[in-house]
Amino acid sequence: MAKFALRCTGCEATYDPPRLHCDHCNGLLRSEYGNTAFRPTDRSDLFAFQDWIPASMPSDVPLGTAILESEALADEMGLQRLSIAFSGYAPKLGAENPTGSFKDFEAIPTMLYYREHGIESLVLASAGNTARAFAYAATQLDFPVIIVVPERALERLWIPCAPTPAVRLVVLDGCDDYAEAIRVAGLISESLEIPNEGGARNVARRDGMSTGILEYARRHQGLPAHYFQAIGSGTGAIATWEASMRLVQAGVGTQPPQLHLSQNAPFAPIHEAWTLGMPIDPNAHVAEQLRKIEQIDALVLANRTPPFGIPGGVRDALSATDGLTYAITNAEAREAGRRFQRTEGLAIGPAASVATAALFKAVETGTVQSSDAIMLHITGNDRAQVDTDCVKHRAQPVWRISPEQATADAILAAKDRLLPNR
Ligand SMILES: *Cc1c(COP(=O)(O)O)cnc(C)c1O
Ligand SMILES: [Zn+2]
């Protein structure tokens, strides 16, 4: 029997992996695993949850979430059961995710999954941490990936190992818009017939990210009442909701946690859409959206095209869990990051600071009670990691082009540069 099937969250149609789209509707496809019992192995990394991730073979890249029972931050907040789920890089905590964020949980499982299905190269767009994680994974697994990034993201795009020619970096000159990178990546995929990695539609990404809550469940034999995470696409939140439903079905916990999802004001499209009950239109007032993106500290949260309204997307996850959203200013996030560092002795990145600030807010407003079991997901400490002693390597772009000039014809003409010589 196959390890899992894909079921459309919109219309229930089922498919064989590695599909990304339903033939009948716009719903996300969700994995349904043959093994419904929660039986982690004794591995210390995320491959302990191999029954519930699409890849069948593990990798030896150290990946996973460390669950810490907070004392100092919990005291400061007046909480009794605060678990910090740390998915960055801090060897002293037992977390060694190589690019310092939970994007590592997406990249390696994605490549293993596609490789197991006979796909040997991918295209993707990224504005930051996704590019770093996929560049690292491409190098480790010798799996060619065309990574399209806006020029503005280039500065942050280093990895802790020398990249091999498997990393095919395409830079959009003069561009700071992730949505443009998504468009060009789509065009490359079509023109050169290389599969698009799929973003939120890719179950290897979602199920890889879902291992944070699985690690919590392994530790606590249950689910938290509340889950706090900073979001850009919200994929990690969808993943957490999906894995929680699998856990409940397996008899672990009684209901999925309430989702508390935070964004960095003034760019908070999911927060606005959820609180106002409006759809998200990525193409409305683009200049204003870009102006807002320029103002935020947590650039990894700047996604104009999140999977919000589609079946199985962020709106459904929020509805099903009676969820809440937060818009956190830079000042609030910085203050929360300082308090985290002072109490827990750990520098966290701007995105994790946004999630921490949301938890401070929820405590202040009485949204969470002091005895509630709470999981605060520290999704990365990417910027703090820059201060460590690791050697930073950069991939050289194989192609630089302005977004206006990146047409199908130009892509076909650049084909030999885009693909590695084999
Ligand atoms: C990508 C990223 C997020 C947002 O994740 P989504 O669930 O995809 O919205 C949060 N924190 C860090 C550190 C990230 O890299
Ligand atoms: Zn469907």
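Only this structure's heavy atoms are used, side chains among them; waters, hydrogens and symmetry mates stay out. Whatever order the structure lists them in is the order used to number ligands and atoms, beginning at 1.
At a heavy-atom cutoff of 4.0 Å, ligand 1 is contacted by no atom of N303, backbone or side chain. The backbone and the side chain of S233 each have at least one atom closer than 4.0 Å to an atom of ligand 1 (non-hydrogen atoms only). The parts of I231 lying near ligand 1 are both backbone and side chain, judged by heavy-atom distances below 4.0 Å.
Side chain to side chain, S87 and T65 meet the donor-acceptor criterion of an N or O pair below 3.5 Å. In the model, D104 has no side-chain atom that pairs as donor or acceptor with a side-chain atom of Y89 under 3.5 Å.
Aromatic pair F4/W52: ring centres not closer than 6.0 Å.
D60 CG: 12 or fewer foreign heavy atoms inside a 6.0 Å radius.
The shortest N/O to N/O separation between G236 and ligand 1 falls below 3.5 Å. Considering backbone and side-chain N/O atoms, G234 comes within less than 3.5 Å of an N/O atom of ligand 1.
In this structure, R315 is not positioned above the aromatic face of W274 in the sense of NZ or CZ being under 6.0 Å from the six-membered ring centre and within 45° of the axis.
Applying the side chain to side chain contact (heavy atoms under 4.5 Å, CB included) criterion to P397, with sequence neighbours excluded, gives L169, V171, R400.
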Check step by step if side chain to side chain donor-acceptor pair (under 3.5 Å) holds for T240 and Y227. CA-CA 9 Å; T240 297; Y227 173 82; 3.3 Å; yes
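For the Zn ion (ligand 2), protein N, O or S atoms closer than 2.8 Å were enumerated as C8 SG, C11 SG, C22 SG, C25 SG, with waters left out.
Atoms of ligand 1 found under 4.0 Å from any heavy atom of G380 (numbered from 1 in listed order, with element): 13 (C). Within ligand 1, the atoms closer than 4.0 Å to a non-hydrogen atom of N129 are 13 (C), 14 (C), 15 (O), numbered from 1 in the order shown.
Contact between G349 and ligand 1 is absent, with no heavy atom of the residue lying under 4.0 Å from the ligand.
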